[in-house]
Structures are given as structure tokens and as C-alpha cells.
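For the numbers below, each heavy atom of this structure counts, side chains included, while hydrogens, waters and symmetry mates do not.
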2 protein chains.
Amino acid sequence: MRLTHQREEILSFLRSKRAHYNAVEIYDAVRERIPNISLGTVYRNLGKLVEDGEIITVETDNRSIYYDGYIVPHTHFVCKCCSQIFDFEEEGQSFKSIRDKGFTIDKHRTVLYGTCTVCNEKN
Amino acid sequence: MRLTHQREEILSFLRSKRAHYNAVEIYDAVRERIPNISLGTVYRNLGKLVEDGEIITVETDNRSIYYDGYIVPHTHFVCKCCSQIFDFEEEGQSFKSIRDKGFTIDKHRTVLYGTCTVCNEKN
DNA sequence: TATAGTAATAGGAATTATTACTGATAAGGA
DNA sequence: TCCTTATCAGTAATAATTCCTATTACTATA
């Protein structure tokens, strides 16, 4: 993977912020430094950076995918009022410490990604 | 909430299958029984059924939302080869029993939905 | 039965997020 | 420096979902 100027800016932006952004927000931010970067380039690079494990995605019930430069495994909390995404280290099932901080949890989703038994046997 | 013919068919379809379908798949299935149902009606009713807690959604890194009539809390596994979604009761963090069944896990995502501390204090 | 008020519908247009395509550009090795 | 090839900008296309409008169905009341 070539380290292009565009890819470098996208990655350093995500790493510099401890927050979560969708493709358009990243596009707007990076455009301040590379004014003529195109949205397609942002999408392509985000895809490659995810593939490479440099960044991770957050899938919410919102229509767009959010990207996160903080790749240590953690739990995300999406607020239905302000739409902010919060990080939590807690990995248990009770989420007691999150509730204790004043967060109200309506639902939680755990999704694993990988290869199923049948597909593993085929390959 | 009015229990219309359309809503009934959508709900009973999802409850009859222990699998996960996106809006278009549900549309195709229900159309066999209500040929002139519209895709908009399917989307609207799915939204209301989710609101009501009759069904749940599965958010994957795929672009479309999947719907599940099985509402007991559980973990989902998405296969990157066949795109199938599997259910697991296991709620721990090791997912040992899932791996033991022959599944390979690349990544896992836990997302909580609710209201954050600041928004809770505002209301 | 009428009638009115409300809620839901079909069908299609519009919107939004993302991906694909094309000719031009630049990264990195020889 | 030159050459190969991945990557780029710009734009068109696609896919998923939501919105809009005229019409229809249901409910309660008279």
C-alpha cells in the first residue's frame, strides 16, 4: 500500500481526534489541508485503512458508517438525542459502570464478523 | 397501533422464520401473499414494529439493515463469505463456544443505544 | 346506515450514502 | 532520472431508504 499524501492526512486526522466521523465529515476536515481532494478518494482510502486494520468502523442504526482511529477493542454508545458516539472500555454484559455515569441504555447489539463453519470447510 | 393486514403479514413472516432479512427480501416474501403491497409500506411498518419492540434490527457493515423477529437478546455473527447471519445465545467476551463450532471471528462490535448523561440532565 | 375524522396505503419521486468509471497524476523502486 | 502502476480528481451510476400525494380503509358517533 502506497503512502500517499491523501491517505496520510485521512489517517492522521482520525488518529488526532478521539471521536467518530462519517465519510463526509472526514472529507470536510481533510479538505482544509487538501482543498481539491475528492469524496471518492476519501471513501477508497477509508476502505483500505479498514482492510489494513489501521482504523475501525462503527455501524449504527444511522444510515452512515462511522470511522474510528482508536483501534483498541472497546464498546460504543450512541445517544439518540445528540447522536454523539461515546467510547467505553467496559466489556461485560451488565454495563453497570456506564449506567452509573448517568447513561440510559435502551438496547445493545453485539455483532461478530468472520467466516462461518461451512465456508471455512470449503476453503 | 392498528394491526393492518399488511403489518400482520410482515410480522408473521418474520416470526415464522428464524433468519434475518432486509427490507427488499421482506417485500418480496410478503408480496406473495399481498401482491400489491408497496415497498414504502414495508419500510414504514418495519419502522413501527421496531419502535414497538415487536422486532429488532441488525446493523452490519453491509449497507442495508436486517430485521429479526426473534427478540430475545442475542449475539449475531455475519459471515464475510456467504453473508449469512447466525444467532448465538453466548453473551460473554471470549466467544469460545462459537469458535469451538468452527467459526472464525475477525472482529466484533458492541454498540449500545440510549441517552447520554448530558441529554438525560436536559430532559 | 350515513358521515366525518383519522390513519394507513400504493406508487412514484426524491434524497442520501456509497461505489464505479475514466483519463490524468504521482509514489517508489530500478 | 525514468518507468510502472497504484492512486487521484471529477463525475456518473447505483442502492437503500425516506418523502410526498392522492386515494382508501377503519372507527366512532349520530
Closest to the [X] side chain, choosing from [options]:
X: A:Thr41; options: D:dA9, C:dT9, C:dG11; result: D:dA9
X: B:Arg63; options: D:dA9, C:dA17, C:dA8; result: C:dA17
X: B:Gln6; options: C:dA10, D:dC8, D:dT18; result: C:dA10
X: B:Arg44; options: D:dT17, C:dT18, C:dA10; result: C:dA10
X: A:Ser64; options: D:dT17, C:dG11, C:dT18; result: C:dT18

Interatomic distance where [atom1] belongs to [X] and [atom2] belongs to [N] [whole Å]:
X: A:Glu9; N: D:dC8; atom1: CD; atom2: P; result: 12 Å
X: B:Asn22; N: D:dT17; atom1: CG; atom2: P; result: 7 Å
X: B:Ile65; N: D:dT17; atom1: CD1; atom2: P; result: 5 Å
X: B:Tyr43; N: C:dT15; atom1: OH; atom2: C1'; result: 13 Å
X: B:Asn36; N: C:dG12; atom1: CG; atom2: P; result: 12 Å
X: A:Asn62; N: D:dT18; atom1: CG; atom2: C1'; result: 13 Å
X: A:Tyr66; N: C:dT16; atom1: OH; atom2: P; result: 14 Å
X: A:Asn45; N: C:dA27; atom1: CG; atom2: C1'; result: 13 Å

- Message: Determine whether B:Phe86 and B:Phe103 satisfy the following criterion, ring-ring contact (aromatic ring centres under 6.0 Å, His included), listing intermediate values before the conclusion.
- Response: CA-CA 10 Å; B:Phe86 299 84; B:Phe103 288 77; 5.2 Å; yes

- Any donor-acceptor pair under 3.5 Å linking the side chain of A:Thr41 with the backbone of A:Ile37? no

- Any donor-acceptor pair under 3.5 Å from B:Glu9 side chain to B:Gln6 backbone: no

- Message: Is it the case that the side chains of A:Thr104 and B:Asn120 hold a donor-acceptor pair, with the cut-off being a distance below 3.5 Å and no angle test?
- Response: yes

- Item | Donor-acceptor side-chain pairing of B:Glu59 and B:Tyr113 below 3.5 angstrom | yes

- Message: The test is ring-ring contact (aromatic ring centres under 6.0 Å, His included); show your working for B:Phe88 and B:His74 and say whether it passes.
- Response: CA-CA 6 Å; B:Phe88 289 103; B:His74 60 284; 9.7 Å; no

- Message: Between A:Gly40 and A:Arg2, which residue's closest nucleotide on DNA chain D lies nearer the 5′ terminus?
- Response: A:Arg2

- Note on the structure: Per nearest nucleotide of DNA chain C, the residue lying toward the 5' end, A:Met1 or A:Val24, is A:Val24

- Message: So if I take the C1' atoms of five pairs at each end of the helix from C:dT1-D:dA30 to C:dA30-D:dT1 and get each local axis, what angle do the two axes make, rounded to 10 degrees?
- Response: 40°

- Message: Using 30° and 60° as the class boundaries, would you call the ring planes of B:Tyr21 and B:Phe13 parallel, tilted or perpendicular?
- Response: tilted

- NZ or CZ of B:Arg99 within 45° of B:Phe95 ring axis and under 6.0 Å: no

- Query: Hey, does the side chain of B:Lys48 come within less than 4.0 Å of C:dA8's phosphate (OP1/OP2), counting only N and O?
  - Reply: yes

- Query: Does B:Thr4 put a side-chain nitrogen or oxygen below 4.0 Å from OP1 or OP2 of C:dT9?
  - Reply: yes

- With sugar-phosphate meaning primed atoms plus P, OP1 and OP2, does B:Ile37 contact a base, only sugar-phosphate, or nothing at under 4.0 Å between heavy atoms? sugar-phosphate

